[in-house]
Amino acid sequence: MPTETFEFQVEARQLLQLMIHSVYSNKDVFLRELVSNASDALDKLRLEKLRDDSLDADVSDLHIELEIDRDARRLTVRDNGIGMSYDEVGQLIGTIANSGTAEFLRELRQAQDTAGAEGLIGQFGVGFYSAFMVADEVTLLTRRAGEQQGTRWTSRGEGTYTLERVDDAPQGTSVTLHLKPADPDNQLHDYTSAWKVKEIVKRYSDFITWPVRLVGEKDGDGEAAEPETLNSMKALWARSRDEVSEDEYHELYKHISHDWRDPLQTIQLQAEGTFEYQALLFLPSHAPHDLFTRDFKRGVQLYVKRVFIMDDCEALLPPYLRFVKGVVDAQDLSLNVSREILQQDRHIRMMQRRLTKKVLSSVKSMMTDDAERYATFWREFGTALKEGLVTDSDHRDAILAVASFSTTHGDEETVTLQQYVERMREGQEDIYYITGESRESIDNSPHMEAFRERGIEVLLLTDPVDEVWVDAVGEYEGKRLRSIAKGEIDLGAQGDEKAGEDREKQAEEYAGLLDWMRERLDEDVKEVRLSTRLTVSPACLVADSNDLTPALESMYRAMGQEVPRTKRILELNADHALVKGLNQAYREREDRSELTESAELLYTLAMVAEGGRPKDPARFVQLMADRLERTL
């Protein structure tokens, strides 16, 4: 068969160079990745055979083989699993089909330490490429189960690879590494050493459910020794916690998640009774780079009586816990269960409720017992968890109990709603919040002025989901969640009276200006009124109590939903010199054409102050330039 030469995808080529130039501090992990891939291939073949009895594949002795050739300095990792077709080899090995590739490579180059680089690579799931850390050349021979023809893939990791169709390939996949010379100073060990291979398998892959056998060793007489099974094949989730070390749990997590960092938390659950199952779940220490993309693969591994059924069972945990990794082993499900059946199965729904409750209670314990670890968890996954406040009313209280938020109380500290309520000022009836794109933008918002002056704490909410959950939740312990950028705010009844008790007199004095401005700005505002929330700025824009915020309008439009444009309310600070001057000019002048431009400028300045964009930027610049020119 002819041999064809191809070039790696640009991103794959860049990744290969990063691998070859040692971004890993521990090169032993290449074997863990190859054994893990082989284990996945065996799982997939057994599942395929369960679903299709007619599949022409031998499943009588599924296993992984490691073969050492010391003379030729070769190490081969072989499985008799599902294998790959010619097209699949080109797609899976020659390219990296992931929309986040460019972002991943950028983050990788910016990683400040080796551990960070390893973690990024692990999240990206490209463990096969780690073979090039220890090998000058890699040859992959594979045949997909049920097909007659195999494929040979070869590369030296220098930008190209060759593909060749072969007729005599066995079922499954073998990866042969032509090893580099040992270099202990560079953490490059002699991987033709049997004891080193055994040590790596025992450390990283002992729990693999398939036998990992070492073949090719010679006994004292120079004869081939019997294959030796190197791993115990014990399911960690079936063993009591005191029998398993944290390192063993961590290696299982890395095998499942392809993350190279230790998990933040290990959660074990064993349910007995009418429906028995065991679960071993993990909270990662870092959010994957694609957590909020549509293509993110969520779900935990599902086993039935130790038989692998599904790699990413979405039905076992709600979408807002999509970052949780782990294994669930049920006793009474059918081996032929499908995703469609799982969605309707009452046992699965019962498991989801129990697992969700267990995860949230573990986060609650972390919050109480280890503030530093909780802070890491919330920083990485808080945004995803808050989605549950909108979608999962059954667990809303449990989510609120583990949620924390930035506030005006401090720059770094986050607080729970319970803590906020406990330190509310006497007479304060509502929990105040403000939403926006960043802390910097909302911390300096005009809406904050009266609250800051009176020392009233405000929640600073900067995630897009915050725009939605506050309306879905509505209140906490009888206290209404209230946006300081919506409706009328009167803080006079909450302690210090605002200077100027002649509010009614002010309203009469400004009534004419307010009506006139509302008419002139009718296209943009529904009302113009005096403000009780401003102390420094001349004006601000607020939404009516039941109106959508501009950010929420933008979110709906981004999702393809048409929403009518909402007019907002322009509030004026009657104590500001600019507003006083505008009112005086309105009362004294008969020709108010210039005042119309001033009113327009005041409205646009209020929009810019909250991070908005002028409706007509060119006109805004022209008006500002004219005004500045007159001051010179």
Side-chain angles (χ1 to χ4, degrees), residues 367 378 382 386 389 396-397 399-436 439 441-463 465-504 506-507 529-537 540-547 549 551-552 568-569 571-575 609-610:
M367 173 188 262
W378 189 254
K386 284 187 287 187
L389 294 172
R396 183 174 290 164
D397 290 343
I399 298 171
L400 281 176
V402 299
S404 61
F405 312 95
S406 297
T407 78
T408 51
H409 189 74
D411 293 336
E412 300 295 333
E413 178 191 5
T414 60
V415 302
T416 64
L417 291 183
Q418 182 63 44
Q419 290 170 322
Y420 180 99
V421 169
E422 287 173 356
R423 62 192 190 204
M424 283 171 58
R425 294 165 62 95
E426 185 178 352
Q428 182 179 339
E429 298 178 353
D430 300 323
I431 297 171
Y432 292 110
Y433 71 87
I434 183 171
T435 60
R439 170 154 187 160
S441 65
I442 59 179
D443 217 2
N444 297 314
S445 167
H447 300 104
M448 298 283 291
E449 292 173 3
F451 292 86
R452 186 177 290 111
E453 184 177 87
R454 288 165 174 76
I456 299 174
E457 188 172 13
V458 179
L459 303 179
L460 308 176
L461 308 179
T462 56
D463 292 324
V465 70
D466 292 331
E467 296 280 354
V468 184
W469 76 257
V470 286
D471 287 332
V473 172
E475 65 174 39
Y476 177 77
E477 292 192 354
K479 306 290 186 182
R480 181 172 54 145
L481 290 163
R482 189 171 181 191
S483 170
I484 67 170
K486 295 176 73 172
E488 291 198 62
I489 299 287
D490 187 358
L491 303 179
Q494 297 178 11
D496 300 332
E497 291 288 341
K498 181 176 172 59
E501 296 178 350
D502 54 350
R503 187 72 52 79
E504 290 185 9
Q506 268 189 342
R529 68 189 182 202
L530 296 183
S531 179
T532 58
R533 71 188 86 211
L534 295 175
T535 61
V536 178
S537 301
C540 70
L541 289 168
V542 300
D544 237 344
S545 298
N546 298 317
D547 285 347
T549 63
L552 203 51
R568 292 199 289 160
I569 299 165
E571 288 193 352
L572 305 182
N573 179 3
D575 295 324
E610 65 175 15

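Model, not experiment: these values are computed from the prediction.
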So, taking the atom named [atom1] in [X] and the one named [atom2] in [Y], what distance separates them when rounded to the nearest 0.5 Å?
X: K386; Y: W378; atom1: NZ; atom2: CH2; answer: 5.5 Å
X: S404; Y: Y420; atom1: OG; atom2: OH; answer: 15.5 Å
X: I456; Y: T408; atom1: CD1; atom2: OG1; answer: 9.5 Å
X: S537; Y: N444; atom1: OG; atom2: CG; answer: 9.5 Å
X: D443; Y: T462; atom1: CG; atom2: OG1; answer: 11.0 Å
X: L541; Y: R568; atom1: CG; atom2: CZ; answer: 4.5 Å

Quiz item: Within the side chain of D471, is there an N or O that forms a donor-acceptor pair under 3.5 Å with the backbone of V468?
Solution: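 Flag not set: sc D471 to bb V468 has no pair under 3.5 Å.
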Practice problem: Determine yes or no for a side-chain-to-main-chain donor-acceptor pair under 3.5 angstrom, with R425 supplying the side chain and R454 the backbone. | Solution: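 Yes, because the side chain of R425 sits within donor-acceptor range (under 3.5 Å) of the backbone of R454.
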Practice problem: Can you sort out the partners of Y433 under ring-ring contact (aromatic ring centres under 6.0 Å, His included), two or more places apart, ordered by chain and number? | Solution: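 Listed in chain order: nothing, the list is empty.
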Can you see which heavy atom on [X] is nearest to which on [Y], and at what distance?
X: L461; Y: I442; result: N-CD1, 3.9 Å
X: K486; Y: D544; result: CE-O, 3.4 Å
X: A472; Y: R396; result: O-NH1, 3.3 Å
X: Q506; Y: D575; result: NE2-OD1, 3.3 Å
X: N573; Y: V536; result: ND2-N, 3.9 Å
X: A574; Y: L530; result: CB-CD2, 4.0 Å

Check: [Y] and [X] side chains under 4.5 Å, non-hydrogen atoms:
X: V542; Y: H447; answer: yes
X: T535; Y: R452; answer: no
X: E610; Y: C540; answer: no

Could you work out, with side chain to side chain contact (heavy atoms under 4.5 Å, CB included) as the rule, every residue matching [X], not counting sequence neighbours?
X: E467; answer: T435, T549, A551, L552, M555
X: E488; answer: R529
X: E477; answer: Q418, V421
X: R423; answer: T407, H409, E413, V415, E457

Exercise. Show your working on side chain to side chain contact (heavy atoms under 4.5 Å, CB included) between L459 and I434 and close with a plain yes or no.
Key: CA-CA 6 Å; L459 303 179; I434 183 171; over 6 Å; no
Quiz item: Given the side-chain rings of Y476 and W469, with only the six-membered ring counted for Trp, is the space between their centroids under 6.0 Å?
Solution: no
Exercise. Check the pair D430, K479 against salt bridge (Lys or Arg N to Asp or Glu O under 4.0 Å), reporting the backbone distance first and the verdict last.
Key: CA-CA 5 Å; D430 300 323; K479 306 290 186 182; over 6 Å; no
Quiz item: Partners of D397 by salt bridge (charged side-chain N to carboxylate O under 4.0 Å, His left out), sequence neighbours excluded?
Solution: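 Result, salt bridge (charged side-chain N to carboxylate O under 4.0 Å, His left out) vs D397: none returned.
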Quiz item: Yes or no on salt bridge (Lys or Arg N to Asp or Glu O under 4.0 Å) for E571 and R533, after CA distance, side-chain angles and deciding distance?
Solution: CA-CA 9 Å; E571 288 193 352; R533 71 188 86 211; 2.9 Å; yes
Exercise. Kindly indicate, with the supporting measurements, whether the criterion side chain to side chain contact (heavy atoms under 4.5 Å, CB included) is fulfilled by M448 and V458.
Key: CA-CA 8 Å; M448 298 283 291; V458 179; 4.1 Å; yes
